[in-house]
Amino acid sequence: VLLWACWVLAATVLLCETPLYARAQQSSPQTAQLSLRKYLVAGSQALDHGNPALAETEFRRALSLDPNSCGILNDLAISLVRQHRIAEAIVHYHRAVEICPKNPTTELNLGIAYFLSHRYHEALPLLEPLANSQKSNFQVNDLTGLTLFALNRYRAAVMYLERASRVQPKNLNTLYMAGQADLRIGNDAALTKIFARIMAVNPNSPEAHILMGIAYDKRDEYQKSLTEYLAAEKAAPNFPGVHSGLGENYWSLGKMGQAEAEFESELKRFPSDAVSNCMLGEILMRKAQPQKAAEHFKIALAANPRYK
């Protein structure tokens, strides 16, 4: 049930972008400094206008003039992340860490890049110390909680998600993930309180309907759970987990055709969703299509190794 949700929600987290600056070594000629400034301004404008490929070109030019600039390395990596070239970005973040060790901006950016790559064990040592030193920072506490959730450390995840929620009490995504964590550790009292908080913010939110649907699902009341997921779909048809939840309910009700359609619908929006890939693989196995099933199982394993 939505074991992958933290990944999808966290994918909306913005990188901690440092202000672009025009810094050149003092020994550089004036013309080099002017060129460096020009490249950095052009790269910044390209990012602002949604053109990360052009930004990459400009930042690479700047880096050629100042190869040991942590700021430029971060900016270049950000442009790569926005092109979904996260593995390449990680290389540049590592170089920035070597040049400027213990720089919180670089450590946060590298932690986010690891998270987006499903490398949660590598993300946590970077994110958790930052969260403990910046307890009023919503982003780093929220992301640390999501990382712990992805590592199935739900009790610890709740602490950071609750801390983030105190900073932004109306952030439904954070409340929702805290509720998911409480659900997994069986903390019904805390889950009830979170549900009430979500209802106070927006009683018709997909978060409210999905949590209610999960509660019905745990009691094997699949028809009632289905009703809640249908309400969630009506409120937000592209919300992460709506269609996989519908698919699971149809599966439980023995409606395999409808279940398959819902899992496929989820994968059109979120191709790495572990739940839908795993369940669709099960359906394909039943249809004697093991090769197609294997492809979906591989994706599910990559997204969540606990599916082994």
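Note that the structure is predicted; figures quoted are calculated from it, not measured.
Hydrophobic cluster membership for Val167: Phe138 (Ile, Leu, Val, Met, Phe, Trp, Tyr linked by side-chain heavy atoms under 4.5 Å, directly or transitively).
Applying the disulfide (SG to SG under 2.5 Å) definition to pairs two or more places apart or across chains, none involves residues 200-236. Applying the salt bridge (charged side-chain N to carboxylate O under 4.0 Å, His left out) definition to pairs two or more places apart or across chains, none involves residues 90-101. Under the salt bridge (charged side-chain N to carboxylate O under 4.0 Å, His left out) criterion, the residue pairs touching residues 187-205 are Glu162-Arg197, with sequence neighbours excluded. Here disulfide (SG to SG under 2.5 Å) pairs that include residues 129-178, with residues two or more places apart or in two chains, number zero.
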Could you go step by step and tell me if Arg82 and Glu56 meet the salt bridge (Lys or Arg N to Asp or Glu O under 4.0 Å) rule?
CA-CA 10 Å; Arg82 292 195 179 183; Glu56 177 193 351; over 6 Å; no
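A donor-acceptor contact closer than 3.5 angstrom links the side chains of Glu128 and Tyr160. A side-chain donor-acceptor contact under 3.5 Å links Gln180 and Arg184.
With contacts defined as side-chain heavy-atom distances shorter than 4.5 Å, the pair Asn141/Leu130 does not qualify. Under the 4.5 Å side-chain criterion, counting only non-hydrogen atoms from C-beta, Ile78 is in contact with Asn109. Leu63 places a side-chain heavy atom less than 4.5 Å from the side chain of Leu73. With a 4.5 Å cut-off on side-chain heavy atoms, Gln139 and Leu108 count as touching. With a 4.5 Å cut-off on side-chain heavy atoms, Asn202 and Asn204 count as touching.
A donor-acceptor pair under 3.5 Å is absent between the side-chain atoms of Glu262 and the main chain of Leu246, judged by distance alone. With Ser79 contributing its side chain and Leu76 its backbone, the two residues share a donor-acceptor pair below 3.5 Å. A distance-only check finds a donor-acceptor pair linking the side chain of Thr227 to the backbone of Gln223 [under 3.5 Å]. Distance alone, capped at 3.5 Å, is enough to place a donor-acceptor pair between the His49 side chain and the Gln45 backbone. Ser165 contributes no side-chain N or O that, together with a main-chain N or O of Leu161, makes up a donor-acceptor pair within less than 3.5 Å. Asp66 places no side-chain N or O within 3.5 Å of a backbone atom of Ala62 that could act as its donor or acceptor partner. A donor-acceptor pair is defined here as one N or O able to donate and one able to accept, closer than 3.5 Å; no such pair exists between the side chain of Glu228 and the backbone of Lys224. Between the side chain of Ser133 and the backbone N or O of Pro129, at least one donor-acceptor pair lies under 3.5 Å.
Qualifying salt bridge (charged side-chain N to carboxylate O under 4.0 Å, His left out) partners for Arg155, counting only residues two or more places apart in sequence or in other chains: none. With sequence neighbours left out, the salt bridge (charged side-chain N to carboxylate O under 4.0 Å, His left out) criterion links Arg163 to no other residue. With sequence neighbours excluded, no residue satisfies salt bridge (charged side-chain N to carboxylate O under 4.0 Å, His left out) with Glu107. Scanning for disulfide (SG to SG under 2.5 Å) contacts around Cys278 gives an empty result, with sequence neighbours left out. Annotation: salt bridge (charged side-chain N to carboxylate O under 4.0 Å, His left out) contacts of Glu207 (sequence neighbours excluded): none.
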Got a list of side-chain donor-acceptor pairs under 3.5 Å for residues 231-242, not counting sequence neighbours?
from   : atom 1 : to     : atom 2 : distance (Å)
Asn238 : OD1    : Arg269 : NE     : 2.5
Asn238 : OD1    : Arg269 : NH2    : 3.4

For residues 283-297, which side-chain N or O atoms pair as donor and acceptor with protein atoms under 3.5 Å away, sequence neighbours left out?
from   : atom 1 : to     : atom 2 : distance (Å)
Lys287 : NZ     : Glu260 : OE1    : 3.3
Lys287 : NZ     : Glu260 : OE2    : 3.2
His296 : ND1    : Asn277 : OD1    : 2.8

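Of all heavy-atom pairs between Pro104 and Gln134, the closest is CB-NE2, 4.5 Å. Residues Ile86 and Ala113 approach most closely at CG2-O, 3.5 Å, considering heavy atoms. Residues Gly111 and Leu127 approach most closely at CA-CD2, 4.0 Å, considering heavy atoms. Across all their heavy atoms, Ala178 and Val158 have their closest contact at O-CG2, 4.1 Å.
Close placement of the Phe115 and Tyr120 rings is indicated, their centers lying within 6.0 Å of each other. Checked against the 6.0 Å centroid criterion, the rings of Tyr154 and Phe149 qualify as a close aromatic pair.
With Val140 as the partner, the side chain to side chain contact (heavy atoms under 4.5 Å, CB included) test is satisfied by one option alone out of Leu143, Thr144, Asp142: Thr144.
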